[in-house]
Enquirer: 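Just dropping this structure here.
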Amino acid sequence: MQAPSGRDVPDRCPGAVQVHAAADGGLARVRLPGGRITGAQLRVLRTAAAELGDPALELTSRGNVQVRALRPGAERELAARLTDAGLLPSATHERVRNIVASPLSAAVRPLVAEFDALLCATPALAGLPGRFLATLDDGRGDVTALVGDVGLHDSRLILSGVPTELHGGPPLLVRAAEAFLAERAAQESKAWRLAELSDGPARVAARLGTTLGTFRIFGSDAPGPGIHGELAVLVVPLGLLTGAQSAALTALEEIIVTPWRTVVVPAAAMADAVASGLAADPASPWAGVTACAGRPGCAKSLADVRADARAAVAAGTPEPAHWVGCERRCGAPKGRHVEMLATGSGYRRSVTG
């Protein structure tokens, strides 16, 4: 069966070198494999954002960070600072370092580092689309549920959410990504995602000498705000890490940015982070409330969705929902969720996904 891709142009997903011209200026996306960033790196990033663009750091649905409102030409200075901080190890591969990992698992972090190094060391993989996603799940199912293009669930290879009979580690993910590119070329396709290829998972599995499994792997919910053993999950309201909030995190050895617009920090550091405006209470009105950029940052948006979401929270009438300014639905969470879609004459509430 042909999976319609609808792709007639190359993927122009932004990066830290190739920025997107948004209504409020340049938009740079900084990839954080596995969501990991050190406090020292965060200090460099927040300083660069404050000096070159908007001080608020924007968290994405893949655990990356965006800097908005960059002045013309500022991307060169940003890239230089990121390189010095170790946040931009490869100019050729920087847009394809899309790797999410179970954020509460220390065991997957060496695997993330290994896969990232192999990815950047494989010249052909610079040709992956900027939307291509790899997931490294420790077996709990949280990031497998995000349906990456290639992934490991414990050690089992997953292709677009479908398990295979192969087991391995990061080198297997590299082979799977190479097989995607080979199959895409064979189909003369410009697909951005594996599922957009005709029988993509099955054909990539065949290239790897295996078959798809006849069983399902069930995903699990994202880790909610609060204490999880020695770690704490904190909600970042609307996914915007303010200057004060990022400053409260820069003394930490490590921070994990999650695909759910939360951050993971040591539980011992939770009090200072909460004092800066982050939320650790599962009952926080900010839990599950997300939004696209909206006006004035996006020219296509029909409303200032962030201001409207804040007003709903202030009025005490929020519900977990994703607020979007147009039909593109940027940043929408994976799976079933409530959507508040701007129409130009108010919002249309629906359940989607």
Enquirer: Decide whether V65 and L240 are clustered together by the hydrophobic rule: side chain heavy atoms of Ile, Leu, Val, Met, Phe, Trp, Tyr closer than 4.5 Å, transitively.
Expert: no

Enquirer: Between A126 and V96, which heavy-atom pair has the shortest distance, and what is it?
Expert: O-CG1, 4.1 Å

Enquirer: Do the side chains of L208 and F115 join up, straight or via other hydrophobic residues, at under 4.5 Å, putting them in one cluster?
Expert: yes

Enquirer: Will you find, in the side chains of S350 and T352, an N or O donor that is under 3.5 Å from an N or O acceptor?
Expert: no

Enquirer: Report yes if some heavy atom in the side chain of V305 is under 4.5 Å from a heavy atom in the side chain of V324; otherwise report no.
Expert: no

Enquirer: If we check side chain to side chain contact (heavy atoms under 4.5 Å, CB included) with T135, which of these qualifies: L152, N98, V143, D149?
Expert: V143

Enquirer: With a 4.5 Å cut-off on side-chain heavy atoms, are F132 and F180 touching?
Expert: yes

Enquirer: List the atom of R29, the atom of T60, and the distance in Å for their closest heavy-atom pair.
Expert: NE-CG2, 4.5 Å

Enquirer: Considering only heavy atoms from C-beta outward, does the side chain of V174 approach that of L119 to under 4.5 Å?
Expert: no

Enquirer: So, for G331 and S61, which heavy atoms are closest and what is the spacing to 0.1 Å?
Expert: O-CB, 4.2 Å

Enquirer: Please determine which of R71, R81, R46 meets the side-chain hydrogen bond (donor to acceptor under 3.5 Å, both in side chains) test together with E51.
Expert: R81

Enquirer: Would the distance check show the side chain of S284 and the main-chain N or O of D281 forming a donor-acceptor pair, the cut-off being under 3.5 Å?
Expert: no

Enquirer: Under a 4.0 Å threshold between the charged nitrogen and the carboxylate oxygen, would E114 count as salt-bridged to R109?
Expert: no

Enquirer: Would you mind checking if D154 and R156 are paired as a salt bridge, meaning a charged N to carboxylate O distance below 4.0 Å?
Expert: no

Enquirer: Just one of L59, L238, V289, L241 clears the side chain to side chain contact (heavy atoms under 4.5 Å, CB included) bar with R261, so which one?
Expert: L59

Enquirer: Should the pair R349-E339 be classified as a salt bridge under the 4.0 Å nitrogen-to-oxygen rule?
Expert: no

Enquirer: Are V19 and P14 close enough that some pair of their side-chain heavy atoms sits under 4.5 Å apart?
Expert: no

Enquirer: For V235 and A287, work out which heavy atoms get closest and say how close.
Expert: CG2-CA, 4.2 Å

Enquirer: Passes side-chain hydrogen bond (donor to acceptor under 3.5 Å, both in side chains), S102 versus D142? Steps please.
Expert: CA-CA 6 Å; S102 297; D142 51 0; 2.8 Å; yes

